[in-house]
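When a residue number appears, it is its place in the shown sequence, counting from 1.
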Amino acid sequence: FLYNQFMYPFERYALAGIIWYQGESDLLQANARVYTENFSALMTYMRGTHNLVNKDFPVYYVEFPTIYQKPANHVGDWHYMDVGVIRAVMGEIQRVLPNSHQIVSTDLWSDDTFFNNLPPNCKFEQSERIATLAAAINGEAGKTVEQGNGPILVSMEGLEGGKKAILTYENVGEGLMTTDGGNVVKGFHLYRKNVSLNPKAELTATITAPNQITIESNTGISGLAYNAITDNVYGVDINLCNSEGVPAGATVILKAE
């Protein structure tokens, strides 16, 4: 109904691109299992019905920022939604859907007293980042992709009986970095195909090359998630960025079968 009511009238119109900000639907773990597939199918359909001159128009989708639990001393309503897993799953889209781009925003919001978490007061900063990346993609305003988007996870290679993995990134600029200048990366958790996290499993993540991170665990690594905890704070719980200081987006990746 919503598509037919609001989007169908625009079919056959020329579109320069799409900016997507996910709302309160599709946030449950069951939805996360099919989110990437469904989102990619919708965008592929729209590319086949809109702007038939340029069927590969860009799609920019905004990462959920940090969302905070209700403080102990807060009086009144607190609108909290647990979006960590879906935030990470959405990061997979830019590896699956051509010409799609994740707008990272975890570093743009740090007000843990704000009661309506899903629409945070950082829309202006999110829009600035969208504009920077769109300008870079279009070759305008002297902007580079590294200034608009953080490191993008490309692949995972399993080693040593599955207890070690090498992650390879692109869009790192002069190299992967952390907010504290060290080589220890925070924010990774083991991730399984049924869209579940194992946050208690011990693992280490270390920058071992300009574009690579080595993950080591005491258990088998079938998949990994980065920034999949809803109230992760950038610079504290997660810390990966490129040489321009733009954070790596939340994402998941599974071992190739």
Q) With sequence neighbours left out, what residues match Ala248 under side-chain contact (heavy atoms from CB on, under 4.5 Å)? A) Pro151, Tyr226, Leu240

Q: Give, for atom CD1 of Ile166 and atom OG1 of Thr214, the distance between the pair rounded to the nearest 0.5 Å.
A: 3.0 Å

Q: Could you tell me whether a side-chain N or O of Tyr61 sits under 3.5 Å from a main-chain N or O of Gln94, the two making a donor and an acceptor?
A: yes

Q. Is there a donor-acceptor pair under 3.5 Å between the side chain of Arg129 and the backbone N or O of Asn149?
A. no

**Q.** Pair Thr106-Asn227, side chain to side chain donor-acceptor pair (under 3.5 Å): steps then yes or no
**A.** CA-CA 9 Å; Thr106 310; Asn227 191 14; 3.1 Å; yes

**Q.** From NZ (Lys163) to CG (Asn218), nearest 0.5 Å
**A.** 7.0 Å

**Q.** Separation of Leu159 CG from Met156 CE (nearest 0.5 Å)
**A.** 10.5 Å

Q.
Let me confirm one number: the CD1-OG distance from Ile19 to Ser127, rounded to the nearest 0.5 Å.
A. 7.5 Å

Q | Sidechain-backbone polar pair: Arg87 side chain, Thr230 backbone, donor-acceptor under 3.5 Å | A | yes

Q) Any donor-acceptor pair under 3.5 Å linking the side chain of Asn242 with the backbone of Glu146? A) yes

Q | Trp20 and its ring-ring contact (aromatic ring centres under 6.0 Å, His included) partner, picked from Phe39, Tyr35, Phe64 | A | Phe39

Q | Residues that Arg47 engages under salt bridge (charged side-chain N to carboxylate O under 4.0 Å, His left out), provided they are two or more places apart | A | Asp56

Q | Thr36 side-chain N/O to Ile93 backbone N/O, donor-acceptor pair under 3.5 Å | A | no

Q: Would you confirm whether Arg33, through its side chain, and Asn194, through its main-chain N or O, come within 3.5 Å as a donor-acceptor pair?
A: yes

Q: Keeping the roles fixed (side chain from Asn239, backbone from Val184), state whether a donor-acceptor pair exists under 3.5 Å.
A: yes

Q) Checking side chain to side chain contact (heavy atoms under 4.5 Å, CB included) for the pair Ile137/Val145: CA distance, chi angles, key distance, verdict? A) CA-CA 7 Å; Ile137 297 297; Val145 176; 4.2 Å; yes

**Q.** Any donor-acceptor pair under 3.5 Å from Gln147 side chain to Thr144 backbone
**A.** yes

Q. Take atom CD in Glu37; do more than 12 heavy atoms of anything else shown fall under 6.0 Å from it?
A. no

Q | Counterpart residues, salt bridge (charged side-chain N to carboxylate O under 4.0 Å, His left out), relative to Lys164 (two or more places apart) | A | Glu160

Q) Okay, side chain of Ser217, backbone of Glu202: is any donor-acceptor separation there less than 3.5 Å? A) yes

Q. Hey, what do you get for OG1 (Thr179) to NZ (Lys186), rounding to the nearest 0.5 Å?
A. 7.0 Å

Q.
Could you go through Glu157 and Thr168, starting from their C-alpha distance and side-chain angles, then the distance that decides it, and tell me whether this counts as side chain to side chain donor-acceptor pair (under 3.5 Å)?
A. CA-CA 8 Å; Glu157 177 186 2; Thr168 301; over 6 Å; no

Q. With distance as the sole test, does Ser100 use its side chain to make a donor-acceptor pair with the main-chain N or O of Val96 at under 3.5 Å?
A. no

